[in-house]
There are 2 protein chains.
Amino acid sequence: MPTARERARAQTTEAILAAARTQLAEVGAAALSLRAVAREVGMVSSAVYRYFPSRDELLTALIIEAYDDVGEAAEAAAALVAGRSPRERWLAVWRSVRAWGLEHPAQYALIYGSPVPGYAAPQDTLPAAGRVGVVLGAIATAADGGVVGDDDVAAAVAPDVPGTLGIDPRLAPAAVSAWTLLFGTVGFELFGQYENVVIDREAYFDHVAGTAATSVGIG
Amino acid sequence: MPTARERARAQTTEAILAAARTQLAEVGAAALSLRAVAREVGMVSSAVYRYFPSRDELLTALIIEAYDDVGEAAEAAAALVAGRSPRERWLAVWRSVRAWGLEHPAQYALIYGSPVPGYAAPQDTLPAAGRVGVVLGAIATAADGGVVGDDDVAAAVAPDVPGTLGIDPRLAPAAVSAWTLLFGTVGFELFGQYENVVIDREAYFDHVAGTAATSVGIG
DNA sequence: GGCGTGTCAAGAGCAGTGCTCTCGGAAATG
DNA sequence: CATTTCCGAGAGCACTGCTCTTGACACGCC
């Protein structure tokens, strides 16, 4: 059982994270100020350092949160359409990622934009980053389209990727490419690259999702 | 003809930009300090404001430079293989973009990562941003593969895009998607998303370039 | 040539930042 | 009860973007 001190510590940590989330959504990652976060929580900036050793560590915590959040959104979307066809499920997951990005642009920029801290302690973020990929891999495998590539390219992908995604190794390059295209498309929309280029973003996105589904063997 | 004053002004402006480029490559966009740039040029920070009204304007100038730089790299690569097959030319341009990104990661992050200033005066950057797309569009049109989409999706793309890219309107969605995939793939590699995912980055990249070529009708 | 005008670099200064250190009080441990 | 550990507050350092004022220099006009 947690002592009073431990409970207080967890509570304060959560309060700091909550304030940081608010700040992040309001001013973005670059302008996120540890002192402003401290003011919002009602304590002095030096006290925050008892909980997070630096601003970068606070950002890293927010990064992991964001990865988990978008992963949960994708999993929830997949669960909602569990009975439908693979193509419908694939589209639903793609849409959920786009919707999450539109709703949390600062978080999206934090995880899929340029890395702000010195490559943000990659080890900590790696497990959380793959959750969306796992969801997509399960759908593609369920479809079992049989369309794939050759073994040469398959060797370019890390050997444990097919295992964690639950897919055929020969499907891995196409799956990684589809995963890249998903986040690339959402990122381009969010970061303004589609300004004066794509008018109907929903229609365009659904179309891309469809071709990507085909590319991983979903009929 | 330029007066002595104008020449001096142009020279100082270029010196500031050169120092800013160095700083950008060394510490990244987020940590780029206007005062450090001023120190490197050998003047005081307030003097820099005679040439750039704010730090964001300096960054915007660097953004436009970066867009032009990657565009020139793509054009130069295309010129070098002008006589080859469309597929070879397509691959050469893709590779040139990746090579440029690997050589200038900070610049790449500046233009294809999260936008740091408040959407970075989009109007100024729009023309320069499309140069790579124009190069790719010309190659795809030269191939004339005939493979395309339907008119419904074509309407999702801005009506002037086919014109500036010199492509069939019905090819536009696939072209935009390929363009997105190119920069998404390079970005994922640069920003560490392929850590523990893609081992042989060159082989994987070439493979993606090949499938993208097929998707825009290059046989 | 001399003289106003406009441009420029320099310096001081302001509010804000990340981060460190020290200090007193409170909670947990013996 | 005594001691150790933890935590918040405050002061302070070096730095940032940016503004304002001051003094010097080059330019165009008479």
Side-chain angles (χ1 to χ4, degrees), chain A residues 1-20 22-24 26-63 106 110 115-121, chain B residues 1-20 22-24 26-63 106 110 115-121:
Chain A
M1 64 183 301
T3 77
R5 239 221 262 274
E6 283 171 343
R7 263 190 296 110
R9 180 168 186 90
Q11 201 168 326
T12 308
T13 304
E14 179 48 40
I16 293 172
L17 280 174
T22 307
Q23 278 279 314
L24 177 63
E26 280 178 2
V27 302
L32 190 148
S33 156
L34 198 143
R35 292 176 108 115
V37 169
R39 275 193 297 271
E40 195 170 318
V41 182
M43 55 189 191
V44 109
S45 75
S46 61
V48 178
Y49 285 86
R50 300 260 178 216
Y51 298 86
F52 296 92
S54 72
R55 195 192 93 119
D56 281 2
E57 291 286 333
L58 216 191
L59 277 181
T60 302
L62 290 177
I63 288 174
L110 190 63
V116 185
Y119 284 97
Chain B
M1 61 185 301
T3 77
R5 231 198 198 126
E6 283 171 343
R7 263 189 297 111
R9 180 168 185 89
Q11 202 168 324
T12 309
T13 305
E14 179 48 39
I16 294 172
L17 280 174
T22 307
Q23 278 280 313
L24 177 64
E26 280 177 3
V27 302
L32 191 147
S33 154
L34 199 142
R35 290 175 109 116
V37 169
R39 273 193 298 270
E40 195 170 319
V41 183
M43 53 188 195
V44 109
S45 76
S46 60
V48 178
Y49 284 87
R50 299 253 173 219
Y51 298 86
F52 296 92
S54 74
R55 195 191 94 118
D56 282 1
E57 292 287 333
L58 216 191
L59 278 181
T60 302
L62 291 178
I63 288 174
L110 189 63
V116 184
Y119 284 97

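Letters A, B, ... mirror the listed sequences (proteins, then strands); counts begin at 1. What you see below is based on every heavy atom in this structure, not just the backbone, and it leaves out hydrogens, waters and symmetry mates.
Panel note: side chain A/Arg55, backbone A/Leu32; a donor-acceptor pair is recorded below 3.5 Å.
Not a single donor-acceptor pair, N or O on each side, falls under 3.5 Å between the base of C/dG18 and the side chain of A/Ser54.
Here the closest non-hydrogen pair linking A/Val41 and A/Ala15 is CG2-O, 3.8 Å. B/Ala38 and B/Val48 make their closest contact through CB-CG2, 3.5 Å (heavy atoms, listed as atom of the first residue, atom of the second, distance).
B/Leu34 has its CG atom 13 Å from the C1' atom of D/dC15, to the nearest Å. Rounded to a whole Å, the CD atom of B/Gln23 is 13 Å from the C1' atom of D/dC15. Distance B/Arg7 CZ to D/dC25 P: 19 Å, rounded to the nearest Å. As a whole-Å value, the separation of B/Phe52 CZ from C/dC8 P is 13 Å. Distance, B/Arg9 CZ to D/dC25 C1': 16 Å, rounded to whole Å. Between the P atom of C/dG11 and the CE atom of B/Met43 lies a distance of 13 Å, rounded to the nearest Å. Distance A/Leu32 CG to D/dT16 C1': 17 Å, rounded to the nearest Å.
Between the CD atom of B/Gln23 and the CZ atom of B/Arg35 there is a distance of 13.5 Å, given to the nearest 0.5 Å. The distance from atom CD of A/Gln11 to atom CD1 of A/Ile16, rounded to the nearest 0.5 Å, is 11.5 Å.
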Restricting both atoms to N or O, compile the protein contacts to nucleotides 28-30 of chain C shorter than 3.5 Å, with distance only.
from, atom 1, to, atom 2, distance (Å)
C/dA28, OP1, A/Ala4, N, 3.3
C/dA28, OP1, A/Arg5, N, 2.8

Which pairs, protein N/O on one side and nucleotides 12-14 of chain D N/O on the other, fall under 3.5 Å?
none

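In terms of position along DNA chain C, the nucleotide closest to A/Ala36 lies nearer the 5' end than the nucleotide closest to the other residue of the pair A/Ala36 and A/Arg50.
Annotation: side chain of B/Leu34 is in contact with side chain of B/Tyr49 (closest heavy-atom distance under 4.5 Å). The closest side-chain heavy-atom distance from A/Leu59 to A/Phe52 is not below 4.5 Å. For the pair B/Thr12/B/Arg50, no side-chain contact is recorded, criterion being any heavy-atom separation below 4.5 Å from C-beta on.
The residue A/Leu58 sits apart from the nucleic acid: no heavy atom pair falls under 4.0 Å. Residue contacts shown for A/Ser33 are limited to sugar-phosphate atoms, with no base heavy atom under 4.0 Å away. As judged by a 4.0 angstrom heavy-atom cut-off over every strand, B/Tyr51 is placed among residues touching the sugar-phosphate backbone only.
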Side chain to side chain contact (heavy atoms under 4.5 Å, CB included) between A/Leu58 and A/Tyr51: does it pass, once the steps are laid out?
CA-CA 9 Å; A/Leu58 216 191; A/Tyr51 298 86; over 6 Å; no
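A sub-4.0 Å separation between OP1 or OP2 of D/dC15 and a side-chain N or O of B/Arg39 is absent. Put simply, A/Arg55 has no side-chain N or O that comes within less than 4.0 Å of OP1 or OP2 on C/dC19.
Comparing D/dA9, D/dG17, D/dT21 by their nearest atom to the side chain of B/Tyr49 picks out D/dG17.
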